[in-house]
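First up is the structure itself, then whatever we jot down about it.
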Amino acid sequence: MVCLQVCHHPPISACHAESESFTFWQDQRWKNKFWGKSLEIVPTGMVNVTLPRYGDHYEWNKVVTCIHNVLSQQRYLEHYGEVTIQNLTNNTCTCKITFVKSRYWGSDSNKNEVQGTVIDQSGNVIHRFGGLWHEGIFCDTLPTPKCIWKPNTQPKDYLLYYGFSSFAMELNELTPNLKPLLPPTDTRLRPDQRMLEEGMVGEADKKKDEVEEIQRERRKHLSKRGEEHVPRFFKKAKDSCGRDVWLTNGTYWELRNNPGFSNLENVTLW
């Protein structure tokens, strides 16, 4: 997977991943709404997955994420809204999933509730499913009702690592044989991020300020020369609905293999 912040104002991040079984891409952009004690993050842009074996191209939107008690130590996340999953190459059926907003005075048992249906072209319900996204999702319209999805078990001591899953913990892993292959802008080489992971919170805060100042100075120099930053691995395009999207330009792995990032001129970010 290749991920890149392609725009700073407004903040837009793009990513692309592929294998023999699938291709996945999206760009992440959002608007914030502050409600005094909570902060809503309202995303725009679509998520895309293609499955070449079946000739399918799935597309769906993202729901709102709300950070509750944003100014206190008892912060927690909630996701709510409706997701519509469509197959752009076959309109046989559509899936609609509702992340239910919890009631203010409700118990913990109704938090993280998910309800969904799969409907055909005529609007008839083919399947119903539901559950809690942190425990499991169940489908009761199959010949034998069963759990169709459940999250992986949290790793040992996950609370010491910001509640991350095993996958999230491993995103910052940097092995000796991998380090020489990466561009110096890879975030696994970002010093403040590494300090935070190692529990050096005070040092990480100081280094973060230094890193951000370097980047502000770089933007000032570009502005004085009348230039704009050009993303290295993504390009701006239009999707089938005419929406602005950021797509891979296909150069990351080519440059990594030949001539290698150590043999190229690279931007200094930290």
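Since we're looking at a predicted model, the values are computed, not measured.
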- Message: Using every non-hydrogen atom in the two residues, find where V245 and D239 come nearest and quote the distance to one decimal.
- Response: CG2-N, 3.9 Å

- Residue pair D244 / K238, side-chain heavy-atom distance below 4.5 Å: yes

- D120 side chain vs N124 backbone, donor-acceptor pair below 3.5 Å: yes

Could you go through residues 153-169 and list every donor-acceptor pair under 3.5 Å that involves a side-chain atom there, pairing it with any protein atom two or more places apart or in another chain?
{"unit_1": "Q154", "atom_1": "NE2", "unit_2": "G163", "atom_2": "O", "d": "3.4"}
{"unit_1": "Y162", "atom_1": "OH", "unit_2": "L196", "atom_2": "O", "d": "2.9"}
{"unit_1": "S165", "atom_1": "OG", "unit_2": "A168", "atom_2": "N", "d": "3.2"}

- Query: Looking only at heavy atoms, which two atoms of L247 and A237 are closest? And how far apart?
  - Reply: CD1-CB, 3.9 Å

- Note on the structure: So CD1 of I214 and CG of D209: to nearest 0.5 Å the spacing works out to 11.5 Å

- Message: Assess the residue pair T84 and T94 against the criterion (side chain to side chain contact (heavy atoms under 4.5 Å, CB included)); give the C-alpha distance rounded to whole Å, side-chain angles, the decisive distance to 0.1 Å, and a yes or no.
- Response: CA-CA 7 Å; T84 300; T94 301; 3.8 Å; yes

- Task: Return yes when atom CD of E228 has more than 12 non-hydrogen atoms of other residues, nucleotides or ligands closer than 6.0 Å, and no otherwise.
- Result: no

- Would you name the heavy atoms of L182 and L174 that are closest together and state the gap between them? CD1-CD1, 3.6 Å

- Taking C-beta and beyond as the side chain, do V47 and E59 meet within less than 4.5 Å on heavy atoms? no

- Task: Give the C-alpha distance, both sets of side-chain angles, the deciding distance and a yes or no for salt bridge (charged side-chain N to carboxylate O under 4.0 Å, His left out) between E198 and R194.
- Result: CA-CA 6 Å; E198 295 174 353; R194 184 65 58 186; 5.0 Å; no

- Given L142 and T144, is the side chain to side chain contact (heavy atoms under 4.5 Å, CB included) satisfied, shown in steps? CA-CA 5 Å; L142 295 171; T144 302; 5.8 Å; no

- Message: Looking at R190 and D192, is any side-chain nitrogen of the basic one under 4.0 Å from a carboxylate oxygen of the acidic one?
- Response: yes

- Task: Using a 4.5 Å cut-off on heavy atoms from C-beta on, say whether the side chain of T248 contacts that of F233.
- Result: no

- Linking I/L/V/M/F/W/Y whenever their side-chain heavy atoms sit closer than 4.5 Å, directly or via other members, would V42 and W35 fall into one cluster? no

- Message: Going by side chain to side chain donor-acceptor pair (under 3.5 Å), name the pairs with one or both residues in residues 259-270, residues two or more places apart or in two chains.
- Response: R232-N266

- Query: Looking at R216 and E213, does any basic side-chain N land under 4.0 Å from a carboxylate oxygen?
  - Reply: yes

- Task: Check step by step if side chain to side chain contact (heavy atoms under 4.5 Å, CB included) holds for W133 and F99.
- Result: CA-CA 9 Å; W133 58 255; F99 286 70; 3.9 Å; yes

- What are the two closest non-hydrogen atoms of T251 and N249, and how far apart are they? OG1-OD1, 2.7 Å

- Message: Before we go on, tell me: are the rings of F234 and Y252 under 6.0 Å apart, centre to centre?
- Response: no

- Message: If hydrophobic clusters are built by linking Ile, Leu, Val, Met, Phe, Trp and Tyr wherever their side-chain heavy atoms come under 4.5 Å apart, do V118 and I85 end up in the same one?
- Response: yes

- Determine whether L178 and L189 fall in the same hydrophobic cluster, where Ile, Leu, Val, Met, Phe, Trp and Tyr are linked whenever their side-chain heavy atoms lie under 4.5 Å apart. yes

- Of the non-hydrogen atoms in E18 and T23, which two are nearest, and what is the gap between them? CB-OG1, 3.7 Å

- Task: Decide yes or no for V114 and I137: does some side-chain heavy atom of the first lie under 4.5 Å from some side-chain heavy atom of the second?
- Result: yes

- Message: Can you pull out every side chain to side chain donor-acceptor pair (under 3.5 Å) where at least one residue sits in residues 68-82? Sequence neighbours excluded, please.
- Response: E40-Y80, T65-H79, H68-E78, E78-S102

- Pairwise distance CD1(I119) to NE2(H127) - rounded to 0.5 angstrom: 13.0 Å

- Side chains of T117 and C95: closer than 4.5 Å at any heavy-atom pair? no

- Does R29 pair with D27 as a salt bridge, N-O distance under 4.0 Å? yes

- Cluster overlap I97 with Y58, hydrophobic side-chain contacts below 4.5 Å: yes

- Using 4.0 Å as the upper bound for N to carboxylate O, is an ion pair formed by E203 and K207? no

- Note on the structure: Here the gap from K31 atom NZ to T44 atom OG1, rounded to the nearest 0.5 Å, amounts to 7.0 Å

- Message: To the closest 0.5 Å, what do you measure between OH (Y54) and CG (N90)?
- Response: 14.0 Å

- Heavy-atom closest pair, residues T185 and V267: CG2-O, 3.6 Å

- Message: side-chain hydrogen bond (donor to acceptor under 3.5 Å, both in side chains), that's the test. Do Q26 and N48 meet it? Break it down for me.
- Response: CA-CA 6 Å; Q26 69 166 318; N48 291 267; over 6 Å; no

- Answer yes or no: are there more than 12 heavy-atom neighbours, outside E20 itself, under 6.0 Å from its atom CD? no

- Query: Heavy-atom count around N152 CG within 6.0 Å, excluding the residue itself: above 12?
  - Reply: no

- Message: Measuring centre to centre across the rings, with the benzene-like ring taken for any Trp, is W149 within less than 6.0 Å of H134?
- Response: no

- Query: Are any non-hydrogen side-chain atoms of M195 and K206 less than 4.5 angstrom apart?
  - Reply: no

- Answer yes or no: does atom NZ of K96 have more than 12 heavy-atom neighbours from other residues, nucleotides or ligands under 6.0 Å? no

- Task: First locate atom CG of N87, then atom NE2 of H57, and finally report the distance between them rounded to the nearest 0.5 Å.
- Result: 8.5 Å

- Message: Do P231 and W246 have side chains that approach each other closer than 4.5 Å (heavy atoms only, starting at C-beta)?
- Response: yes

- Task: Check R225, R218, R219 against H221 for a side-chain contact (heavy atoms from CB on, under 4.5 Å) and give me the one that passes.
- Result: R225

- Task: Decide yes or no on side chain to side chain contact (heavy atoms under 4.5 Å, CB included) for I41 and V64, but give the supporting numbers first.
- Result: CA-CA 6 Å; I41 302 171; V64 173; 6.0 Å; no

- Q5 side chain reached by I12 side chain, heavy atoms, under 4.5 Å: no

- Message: Rounded at 0.5 Å granularity, tell me how far CD1 in I126 sits from SG in C93.
- Response: 5.0 Å

- Are F261 and V2 grouped together when hydrophobic residues (ILVMFWY) are joined by side-chain heavy atoms under 4.5 angstrom apart? yes

